[in-house]
Amino acid sequence: QVQLVESGGRLVQAGGSLRLSCAASGRSFSSYVMGWFRQAPGLEREFVAAISWSGGNTYYADSVKGRFTISRDNAKNTVYLQMNSLKPEDTAVYYCAADPSMDPSIATMASAYDYWGQGTQVTVSS
C-alpha cells in the first residue's frame, strides 16, 4: 500500500508561486502513477496534473498548462507540483493521488486512483 501526505499549501497573492509536495510511503512508489487533483467549495474534484512512474510522461488540465509543473523524485519518494502565475480561481484543496495500475487513458479521472492524501489548502488572493 501507499500512504500520501501533502504539504506546502498556504495563502499566496495572485501572480505568485507555490510548490506543493506529496511524500509517499511504500516500497513500490516508483511504479505508481501520481496525480494532483483539486476541489473548491461547491465543485467536484477536478484533475490538475499527472505523471508516469518514470517521469517521462506528464499530463495537465488545460486550465493549468504553462503555469503548473508536476515532477517526481523517486529517490525521495516525493512528487511535486510547482505552481506559478497563480490566479484566484486556483483556490482549492489540493490532493495528491496514486495508483499502482494506471492506464494513461484514465489518468485524468479521480475514480481511477486507489490512494489519496488528506489535502492541503491553497488560497490565492487578489
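The first residue in the sequence is number 1, and the count goes up from there. The figures that follow rest on heavy atoms only: side chains count, while hydrogens, waters and symmetry mates do not.
Residues S126 and A14 come closest through the heavy atom pair CA-CB, 4.3 Å. Closest heavy-atom contact between R72 and S52: NH1-O, 2.8 Å. Across every non-hydrogen atom of A107 and A50, the tightest pair is O-CB, 4.2 Å. Counting all heavy atoms, side chain and backbone alike, A40 lies closest to T91 at CB-O, 3.7 Å. Nearest heavy atoms, A24 versus L4: CB-CD2, 3.6 Å. C22 and W36 get closest at one heavy-atom pair: CB-CZ2, 3.7 Å.
Under a hydrophobic-cluster definition in which Ile, Leu, Val, Met, Phe, Trp and Tyr are linked whenever side-chain heavy atoms come within less than 4.5 Å, directly or via other members, M109 and Y59 are assigned to the same cluster. Side-chain heavy atoms closer than 4.5 Å link hydrophobic residues (I, L, V, M, F, W, Y) into clusters, and following such links, possibly through other members, connects I106 to V33.
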* For the pair Q121 and R10, evaluate side-chain contact (heavy atoms from CB on, under 4.5 Å) and give the outcome as yes or no after the intermediate values. => CA-CA 6 Å; Q121 177 71 48; R10 63 177 178 87; over 6 Å; no
* To do: Tell me, with the steps shown, if T78 and D73 meet side chain to side chain donor-acceptor pair (under 3.5 Å).
  => CA-CA 5 Å; T78 302; D73 186 338; over 6 Å; no
* Asked: Can you list the steps and then say if I51 with N57 is a side-chain contact (heavy atoms from CB on, under 4.5 Å)?
  -> CA-CA 6 Å; I51 188 167; N57 297 96; over 6 Å; no
* Begin from the C-alpha positions of S17 and Q82 and carry the test side-chain contact (heavy atoms from CB on, under 4.5 Å) through to its verdict. => CA-CA 8 Å; S17 297; Q82 178 65 47; 4.0 Å; yes
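For the side-chain contact (heavy atoms from CB on, under 4.5 Å) with E6, the qualifying choice from V93, T120, L81 is T120, the only one to do so.
When side chains are defined from C-beta on, L11 counts as touching S125, because their heavy atoms get closer than 4.5 Å. Contact of the D62 side chain with the Y60 side chain is not registered, since no non-hydrogen atoms from C-beta on lie closer than 4.5 Å. Counting heavy atoms from C-beta on, the side chains of L86 and F68 come closer than 4.5 Å. A heavy-atom distance below 4.5 Å is not found between the side chains of Y80 and T69. At least one side-chain heavy atom of D114 sits less than 4.5 Å from a side-chain heavy atom of P100. Side-chain contact between M83 and L20 is present, with at least one heavy-atom pair separated by less than 4.5 Å. With a 4.5 Å cut-off on side-chain heavy atoms, E89 and V124 do not count as touching.
Atom-to-atom distance recorded for N77:CG and M34:CE is 9.5 Å, nearest 0.5 angstrom. Atom CG of D90 sits about 4.5 Å away from atom CZ of R38, to the nearest 0.5 Å.
F37 meets the ring-ring contact (aromatic ring centres under 6.0 Å, His included) test with F47, Y113, W116; sequence neighbours excluded.
The local environment of CD in Q118 is crowded, with over 12 non-hydrogen atoms from other residues, nucleotides or ligands closer than 6.0 Å.
The backbone N or O of C96 lies less than 3.5 Å from no partner atom in the side chain of Y115, so there is not a single donor-acceptor pair.
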